Amino acid sequence: MQKGDHLVLVDGSAYIFRAYHALPPLTRKSDGLPVGAVSGFCNMLWKLVEESRDTSVGVAPTHFAVIFDHSSTTFRNELYDQYKANREAPPEDLVPQFSLIREAVRAFDLPCIEKEGFEADDLIATYTRHALEAGGDVTIVSSDKDLMQLVGPCVILYDQMKDKRLGPEEVKEKFGVYPDKMIELQALVGDTSDNVPGVPGIGPKTAAQLLEEYGDLETLLARAPEIKQTKRRENLIAFAEQARLSRQLVTLDCATPLDTPLDDLFIHEPDGEKLIAFLKAMEFTTLTRRVAARLDTNAAEVETADITVEGPVRGPDRDPAPPAEPHGHGEALLPFTPAGLVESRKAAAAATFDRSAYVTIRDAATLQAWMSEAREAGVMAFDTETSSLSAMNCDLVGVSFATRAGRAAYLPLGHVSPAGAADLLSEGTVEDEIGPQLPLDDALAILKPPLEDASILKIGQNFKYDYLVLLQHGIAVEPFDDTMLISYALDASASLDGHGMDELSERFLGHKPVSYKELCGSGKSAKAIAACPIDKVTEYAAEDADVTLRLWHVLKPRLVAEGLASVYERLERPLVPVLARMEQRGIKTDRQILSRLSGRFAQKQAGLESEIAEMAGEAFNPGSPKQLGEILFGKLSLPGGKKTKSGQWSTDARVLEELAAEGHELPRRIVDWRQLSKLKGTYTDTLPAHMDDEGRIHTSYAMASTTTGRLSSSEPNLQNIPVRTEEGRAIRTAFVAPKGKKLVSADYSQIELRILAHIADIPQLKEAFREGLDIHAMTASEMFGLPVEGMDPMVRRRAKAINFGIIYGISAFGLANQLSIPREEAGLYIKRYFERFPGIRDYMDATKAFAKEHGYVETLFGRRAHYPDIRGPNPSVRAFNERAAINAPIQGTAADIIRRAMIRMEPALAAAGLSAKMLLQVHDELIFEVEEDEVEASLPVIKQVMEGAALPRVELTVPIEVDAKAADNWEEAH
DNA sequence: CGCTCCTAACC
DNA sequence: AGGTTAGGAGCGA
């Protein structure tokens with residue numbers, strides 16, 4: 001435990017009795033087993049776990065335990081045989097529930113702590129002391145006044161049922177003394193229920209008053225003769241010893257020997273299946289459903305646990321962690337907490353970086369030894385060094401490993417002599433010059449087993465890259481974690497400046513690693529990494545693995561603590577192999593079509609260029625906004641000149657279109673020229689350069705580049721291939737299926753508007769989607785009171801713009817801009833819209849309020865988008881953040897849904913015996929390559945997976961529809 | 001050569 | 001008006 005950590009201790013025994021007494025008796029239907037207290041206990045614990053993840057309530061816990069009384073006799077009985085002597089035996093129907101409740105805690109995967117001879121309160125006191133010494137905060141979940149003595153600046157008492165939190169001030173208010181005097185107060189007052197005698201005639205009010213006056217118990221007893229009130233004086237003198245005994249009895253033992261050290265209370269992701277199996281066995285249908293939905297698990301598929309009436313009584317220690325399991329396509333959230341995590345976490349935070357300690361691996365035996373170390377540790381950070389940045393087209397230069405903080409090595413595999421050509425000229429071999437390197441094939445043969453070993457967790461940074469590199473060598477690395485994706489799940493803010501390793505290292509470790517530039521240089525003088533000195537590369541590469549491992553130690557625990565484990569485990573990590581395979585496959589492209597289009601575009605452009613020069617009266621570069629602005633608004637003095645931020649004439653398409661509408665021919669030509677220039681320069685000329693030997697283009701998907709959870713595509717970007725204009729669309733005909741296959745395009749219809757209708761709960765929108773109506777025409781009809789039949793296309797267009805505007809966090813300024821209408825008119829439209837759909841305004845207000853309170857918003861699947869500046873002082877920055885915050889849950893939920901579909905797609909197709917291959921994702925569209933004779937069978941599977949992708953976690957109240965079509969090329973399939 | 005600006009392609 | 005990537009021009013070192 002370290003500073004900033006947060007320990008939650010649940011007073012389990014108190015919970016049991018409260019649950020038992022607060023609820024009517026309940027028995028298990030199938031056999032009459034009494035389970036009322038178990039049910040109440042489980043409900044309370046579940047709520048607590050849920051609440052504690054809501055960071056708005058307080059700091060999310062990093063450590064968590066449920067503490068029980070072990071038996072009725074404790075060390076206090078030796079002090080005083082009457083202690084708790086008049087306690088009645090627990091009710092008969094509660095007795096069998098004690099062991100069930102311990103089972104329940106185990107099912108929640110929480111440590112269940114108790115100790116012979118000690119009360120729960122003593123254990124709570126001891127853990128609290130340990131936590132405080134480590135610099136942590138503590139929340140004790142209980143309302144027992146015996147625990148108030150523990151309250152302090154970093155310790156609060158939380159009464160879950162009354163939802164009350166007690167700090168020092170609240171204790172003072174309640175008892176008239178601060179927590180540090182609680183023991184003395186209890187010693188005076190006594191406790192009838194526990195048989196703590198106290199001093200007769202002294203109640204809480206008097207006790208508080210006396211302590212206020214005399215300071216502490218001993219002073220009070222010593223000066224008792226001074227007290228005026230006869231009876232009070234006599235009692236204090238007569239019962240002084242009894243008061244001292246009482247003080248001993250109520251003083252909690254904060255030095256209880258602990259069987260489970262504090263650090264072992266470290267929280268980890270629960271095993272959803274285990275919990276659901278238990279709840280099903282108890283026949284708690286409501287809670288089972290609730291838990292299953294939250295954990296995104298289908299309860300029907302979980303086998304009911306075998307819980308007998310005489311369930312095993314839990315010992316004081318928790319069970320050993322379940323065996324580590326690989327996380328393939330499985331649906332359950334399996335914990336992966338290798339042994340020794342806690343130790344390594346501490347080491348990661350403490351150790352400093354020593355580059356000279358890194359090892360260069362030059363032979364098989366040393367490599368084998370490192371892999372043994374990894375096997376023992378159960379964890380290995382791992383990084384590949386390659387000859388280029390493109391995973392699909394690079395050679396492996398080396399691999400680095402780290403097995404614990406500070407212990408890292410580099411394995412050179414493809415290094416060449418730094419001098420390059422000198423190899424050929426010099427007498428000696430490369431080996432003489434740079435030392436021996438293990439042959440690549442030998443190294444891969446040694447590496448393959450541990451990299452695919454289910455009991456070794458491989459940790460990478462931007463792991464899709466390394467995964468893809470090794471996939472080219474026939475190695476599918478599993479299981480793995482990715483520090484970049486963990487960081488992204490925790491906080492995807494754009495303001496963070498990315499999730500690259502160097503940034504993360506500086507942000508979370510306060511360490512600046514050797515940069516690639518420092519190693520290889522930059523610009524013209526940049527060297528290939530393979531030509532850099534191996535000792536320097538060892539420092540660089542091994543450090544990367546070391547940093548990655550340490551980042552993992554710091555970041556991974558935060559996932560669970562902040563309630564983001566399911567985002568990472570459901571939406572991020574499983575997508576890595578899926579995207580890697582998509583990138584590896586690539587999409588077949590017809591070079592000839594692109595080249596013909598380039599020719600056609602060039603010809604048209606040339607024609608336009610001469611016309612443009614003639615109209616302008618001089619030759620200039622139409623691609624230069626600066627020159628163009630000077631011609632249009634300077635030389636020709638056309639009206640409507642606007643300036644950009646930096647004072648240049650604005651010449652964007654909007655400005656030029658407006659001029660063209662007024663009859664000016666030159667701007668029209670420029671618009672056309674620009675379009676051709678874009679299509680040619682960005683697409684038809686450039687795409688062929690990305691084709692491989694088989695004529696396929698492999699894009700690269702960035703998983704952590706957007707603030708909302710969308711993917712992005714680059715090198716080349718295949719998510720912005722033209723579609724709007726006919727000429728642009730022609731480019732899509734170049735994306736083709738090979739002979740004997742078809743391309744299938746499947747896209748979600750209006751998914752963001754559907755999500756809006758669901759989230760904001762808009763009856764008319766939901767109804768329209770259920771009826772399959774034209775949503776924009778319906779909107780126009782609602783707003784302007786016109787029938788949908790025979791709707792003016794221009795009116796519909798406005799309604800459509802407003803619908804999109806709503807998704808984007810509408811402003812009168814933006815809508816006016818979009819529709820080229822006065823701002824006042826746009827304002828009226830918005831007003832009208834809100835009148836017709838008041839739920840939208842409610843949603844927007846609620847989202848803004850949430851974002852202001854928490855600093856982030858959430859998708860339906862729990863992904864967060866952070867907007868800290870929404871609280872900032874700059875009104876326009878604030879407004880921008882408000883709009884983004886309104887958009888993010890909608891755009892982000894859509895992104896989550898298609899991610900879920902992609903993750904499920906391959907197993908679903910395989911299960912149906914189909915060989916369809918997913919190639920591309922374009923935000924709401926998936927593109928597949930399908931054997932011609934499998935098209936018919938594949939379409940319904942693809943549709944089903946996409947349409948059902950939100951389930952079971954989220955049940956949308958609008959239908960989700962997917963249109964899917966097969967054709968020979970992308971243009972026709974779309 | 002590397003950066004910013006402007007523009008435009010997509011959902 | 002929300003979320004992206006990319007290319008060319010222009011400028012300064």
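Because the structure is a prediction, the values reported are computed rather than measured. Numbered from 1 within each chain, the chains take letters A, B, ... in sequence-line order.
- Contact check of residues 595-612 of chain A against DNA chain B (heavy atom, cut-off under 4.0 Å) returns no residues at all.
- Under the ring pair (Phe, Tyr, Trp, His ring centres under 6.0 Å) criterion, Trp649(A) pairs with Phe633(A), not counting sequence neighbours.
- Phosphate proximity of dC11(B) to Arg710(A): absent, as no side-chain N or O sits under 4.0 Å from OP1 or OP2.
- Asp672(A) pairs by the salt bridge (Lys or Arg N to Asp or Glu O under 4.0 Å) definition with Arg668(A), not counting sequence neighbours.
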Using a cut-off of under 3.5 Å, enumerate the N/O to N/O pairs linking the protein to nucleotides 3-5 of chain B.
{"from": "dC5(B)", "atom 1": "O3'", "to": "Ser646(A)", "atom 2": "OG", "distance (Å)": "3.2"}

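- Applying the salt bridge (Lys or Arg N to Asp or Glu O under 4.0 Å) rule to pairs touching residues 633-649 of chain A yields Glu618(A)-Lys635(A), sequence neighbours excluded.
- Every salt bridge (Lys or Arg N to Asp or Glu O under 4.0 Å) that Asp685(A) has, sequence neighbours left out, goes to Lys680(A).
- With salt bridges taken as basic N to acidic carboxylate O contacts below 4.0 Å, one links Arg796(A) and Asp774(A).
- With sequence neighbours excluded, no residue satisfies side chain to side chain donor-acceptor pair (under 3.5 Å) with His690(A).
- A heavy-atom distance below 4.0 Å to DNA chain B is reached by these residues of residues 649-661 of chain A, ordered by number: Ser650(A), Thr651(A), Asp652(A), Ala653(A).
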Output a table of donor-acceptor pairs, distance under 3.5 Å, between side-chain atoms of residues 606-613 of chain A and any protein atom two or more places apart or on a different chain; print 'none' if there are none.
{"from": "Glu609(A)", "atom 1": "OE2", "to": "Trp673(A)", "atom 2": "NE1", "distance (Å)": "2.7"}
{"from": "Ser610(A)", "atom 1": "OG", "to": "Gly607(A)", "atom 2": "O", "distance (Å)": "2.9"}
{"from": "Glu611(A)", "atom 1": "OE1", "to": "Arg669(A)", "atom 2": "NE", "distance (Å)": "2.2"}
{"from": "Glu611(A)", "atom 1": "OE1", "to": "Arg669(A)", "atom 2": "NH2", "distance (Å)": "3.0"}

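- Among the protein residues, Asn717(A) comes within range of the sugar-phosphate backbone only, with heavy atoms under 4.0 Å from sugar or phosphate atoms but none that close to a base.
- By the side chain to side chain donor-acceptor pair (under 3.5 Å) test, Asn817(A) pairs with no residue at all, sequence neighbours left out.
- Here Glu715(A) lies in heavy-atom contact (under 4.0 Å) with sugar-phosphate atoms only.
- No contact: Phe804(A) has no heavy atom under 4.0 Å from any strand.
- Protein chain A touches strand DNA chain C; the 5'-most and 3'-most nucleotides with an atom under 4.0 angstrom of its non-hydrogen atoms are dA1(C) to dC11(C).
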Do any side-chain atoms of residues 874-881 of chain A form donor-acceptor pairs under 3.5 angstrom with protein atoms, and if so which ones, sequence neighbours left out?
{"from": "Asn874(A)", "atom 1": "OD1", "to": "Ser876(A)", "atom 2": "N", "distance (Å)": "2.9"}
{"from": "Asn874(A)", "atom 1": "OD1", "to": "Ser876(A)", "atom 2": "OG", "distance (Å)": "3.0"}
{"from": "Asn874(A)", "atom 1": "OD1", "to": "Val877(A)", "atom 2": "N", "distance (Å)": "3.3"}
{"from": "Arg878(A)", "atom 1": "NE", "to": "Gly872(A)", "atom 2": "O", "distance (Å)": "2.9"}
{"from": "Arg878(A)", "atom 1": "NH2", "to": "Pro873(A)", "atom 2": "O", "distance (Å)": "3.3"}
{"from": "Asn881(A)", "atom 1": "ND2", "to": "Val877(A)", "atom 2": "O", "distance (Å)": "2.8"}

